[in-house]
There are 2 protein chains.
Amino acid sequence: MNDDAMDLRARNKQATREAISHAALRLAIEQGPHGLALVRVHDIATAAGVSPRTYNNYFSSREEAICSFQADQSRRAGEALRSRPAAEPLHQAVIAAVIELYTNPEPDKAGLRMIMSTPELEGEALKAFTMAEGPLAEAIATRTGTDPGRDLFPAVTAAAVAGAIRVAGRHWLVPGNTESFATILRRALSCVVPAAPPDDAQDR
Amino acid sequence: MNDDAMDLRARNKQATREAISHAALRLAIEQGPHGLALVRVHDIATAAGVSPRTYNNYFSSREEAICSFQADQSRRAGEALRSRPAAEPLHQAVIAAVIELYTNPEPDKAGLRMIMSTPELEGEALKAFTMAEGPLAEAIATRTGTDPGRDLFPAVTAAAVAGAIRVAGRHWLVPGNTESFATILRRALSCVVPAAPPDDAQDR
DNA sequence: ACCCGACTTTGCGTGCCGCGCACTATGTGC
DNA sequence: GCACATAGTGCGCGGCACGCAAAGTCGGGT
């Protein structure tokens, strides 16, 4: 993003990280959802042009490396919502932010399929999606003027949004589906995001 | 549950499974969220009165063993919703079912804290909660007469409910909180469960 | 009451992995 | 150009998941 803001050293570090993560995902996709056990750490490291020891200076498991991209994306969710105009009603802002974040660029279907339909990756994939919740809850709280310490609304809504994104992803991956991801996302999100927090959200 | 319906052999198997799972959780709690690495497979097996090799005939990781109880509970979510009277509106039925499932008996705070606030357990814990979604979505689809193949509403709602339960759990665990889990659950769920699917849920 | 067959538990061996430690290489700021 | 901070690497250890085959255990049929 803002490479200039980073130390040259930090930029190299970031580059290695991405090289490893990218290599891991690529190799995983090559083996498919049922051959993940065949992706050896040594292969990932070699493909990334790095020693195996260095690989796990960055990631402490194959799963983490493979899902790293997804996790990074989730971390940006809060920022995405904050960048929406303040006047926009909550549900519109959330939907627009999520669609912007998840369809620009159009996600890699093979990658998403890999991380969402490989049992050994399931836990890490869920962690990746869940990472969006914290920042999202913060942003929602700011936008609705609620106190995240007392009101459950921001956190619950954030969790619901993350869940909707997951479900939309699953639906997008079903064979023969021709809808765009954006369309599915919009449909999924409108099932859970209200226009405003209910008046009784902060009741005792 | 219905022990009589099971072969004696199956009952023993179930008993060993529970012994291992229970021992694993107990040892994990003893070490606390930051000492999980000290819980060796050998210890779990010994505490359960079983050989290490047998332990991983049942579970393929410590995490899985520790969270097994939570996973089992999640599996019952669909059944819990189905057992509500058909006349009850969706949101009431869901809230009642979830509260019944998660507060009878009152959950073990130490256990929940362990599985929800230990980073190494996070993935498995999320998997455990997510297991409620499939059955829940089925039950919601049945109750609302929607087709889970085309409509996103059942799956999205199920995911939102699971998310709300997680958030409620987190909130219940914050130090100094005196509310009952049932109260928090009710508040969290009412943020996401509508009385009925929106009319446009099955559009397109 | 007994035995045969099915199932469970266990011991052993193997390959892989995560990580601590110490050393080297690289490039950064003075 | 030099000294220092930081990233990359080689080595070794402890632990774990799991395949395989032997031993133990239990249940049902006669």
Side-chain angles (χ1 to χ4, degrees), chain A residues 3-25 27-28 31 34-68 71 118-124 127, chain B residues 3-25 27-28 31 34-68 71 118-124 127:
Chain A
D3 289 3
D4 338 282
M6 292 201 292
D7 196 348
L8 290 189
R9 222 155 183 149
R11 242 197 294 178
N12 284 342
K13 207 172 151 136
Q14 182 68 12
T16 352
R17 184 181 189 84
E18 277 166 18
I20 298 173
S21 148
H22 188 267
L25 182 56
L27 292 180
Q31 297 296 334
H34 301 296
L36 187 105
L38 304 182
V39 180
R40 306 260 176 266
V41 160
H42 175 265
D43 304 331
I44 300 177
T46 303
V50 114
S51 109
R53 186 62 184 82
T54 298
Y55 144 89
N56 68 307
N57 282 344
Y58 285 86
F59 301 102
S60 55
S61 70
R62 278 164 312 179
E63 294 77 14
E64 195 183 332
I66 294 171
C67 298
S68 152
T118 302
E120 300 97 316
L121 249 44
E122 196 183 351
E124 200 63 32
K127 272 169 72 173
Chain B
D3 289 2
D4 337 282
M6 291 201 291
D7 195 348
L8 290 189
R9 222 150 186 158
R11 241 196 292 179
N12 284 342
K13 213 173 144 131
Q14 181 67 12
T16 357
R17 186 184 188 83
E18 276 166 19
I20 297 173
S21 148
H22 188 267
L25 182 56
L27 292 181
Q31 297 296 334
H34 301 296
L36 188 114
L38 303 181
V39 180
R40 305 260 175 268
V41 161
H42 175 264
D43 304 331
I44 300 177
T46 303
V50 112
S51 109
R53 186 61 184 85
T54 298
Y55 145 88
N56 66 303
N57 283 342
Y58 285 87
F59 301 102
S60 56
S61 72
R62 280 166 312 196
E63 293 77 11
E64 194 183 332
I66 295 171
C67 299
S68 152
T118 302
E120 300 97 314
L121 249 44
E122 196 183 352
E124 199 63 32
K127 272 169 70 172

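Letters A, B, ... are given to chains in the order of the sequence lines, protein chains preceding strands, and every chain is numbered from 1. Bear in mind that the values here come from a model prediction, so they are computed numbers and not experimental data.
- Comparing A:T16 and B:F59 by the nucleotide of DNA chain D whose heavy atom lies nearest to each, the residue mapping closer to the 5' end is A:T16.
- Between the A:T46 side chain and the A:H42 main chain, a donor and an acceptor come within less than 3.5 Å of each other.
- B:K13 has a side-chain polar atom (N or O) that falls below the 4.0 Å cut-off from OP1 or OP2 of C:dT8.
- For the pair A:R40 CZ and D:dA17 P, the interatomic distance rounds to 16 Å; values are reported in whole Å.
- Nucleic acid contact for B:S60: sugar-phosphate only, since backbone atoms but no base atoms lie under 4.0 Å from a heavy atom of the residue.
- For C:dT10, one of the phosphate oxygens OP1 or OP2 lies less than 4.0 angstrom from a side-chain nitrogen or oxygen of B:T54.
- Regarding A:Y55, its OH atom lies at a distance of 16 Å from the C1' atom of D:dG8, rounded to whole Å.
- Among the protein residues, A:N57 comes within range of the nucleic acid bases, having at least one heavy atom under 4.0 Å from a base atom.
- To the nearest angstrom, P of C:dG15 lies 16 Å from CG of A:L38.
- The nearest whole Å value for the distance from the CD atom in B:Q14 to the C1' atom in C:dT8 is 15 Å.
- Across all non-hydrogen atoms, the minimal contact from B:A65 to B:A24 is CB-CB, 3.9 Å.
- Within the 4.5 Å cutoff, the side chain of B:I66 has heavy atoms near those of the B:L36 side chain.
- B:S60 contributes no side-chain N or O that, together with a main-chain N or O of B:N56, makes up a donor-acceptor pair within less than 3.5 Å.
- The interatomic distance linking B:E120 (CD) with C:dG18 (P) rounds to 14 Å, in whole Å.
- Between B:N12 and B:A37, it is B:A37 whose nearest contact on DNA chain D lies nearer the 5' terminus.
- Looking only at side-chain heavy atoms (C-beta outward), A:Y58 and A:E64 stay at 4.5 Å or farther from each other.
- Rounded to whole angstrom, the span from the CZ atom of B:R11 across to the P atom of D:dC26 amounts to 14 Å.
- Contact annotation: side chain of B:R53 to base of D:dG19, donor-acceptor pair present below 3.5 Å.
- When the P atom of D:dA17 is taken as reference, atom CG of A:L36 falls 16 Å away, rounded to whole Å.
- As a whole-Å value, the separation of B:R17 CZ from C:dT9 C1' is 16 Å.
- For D:dG8, the OP1/OP2 oxygens have a side-chain nitrogen or oxygen of A:Y58 closer than 4.0 Å.
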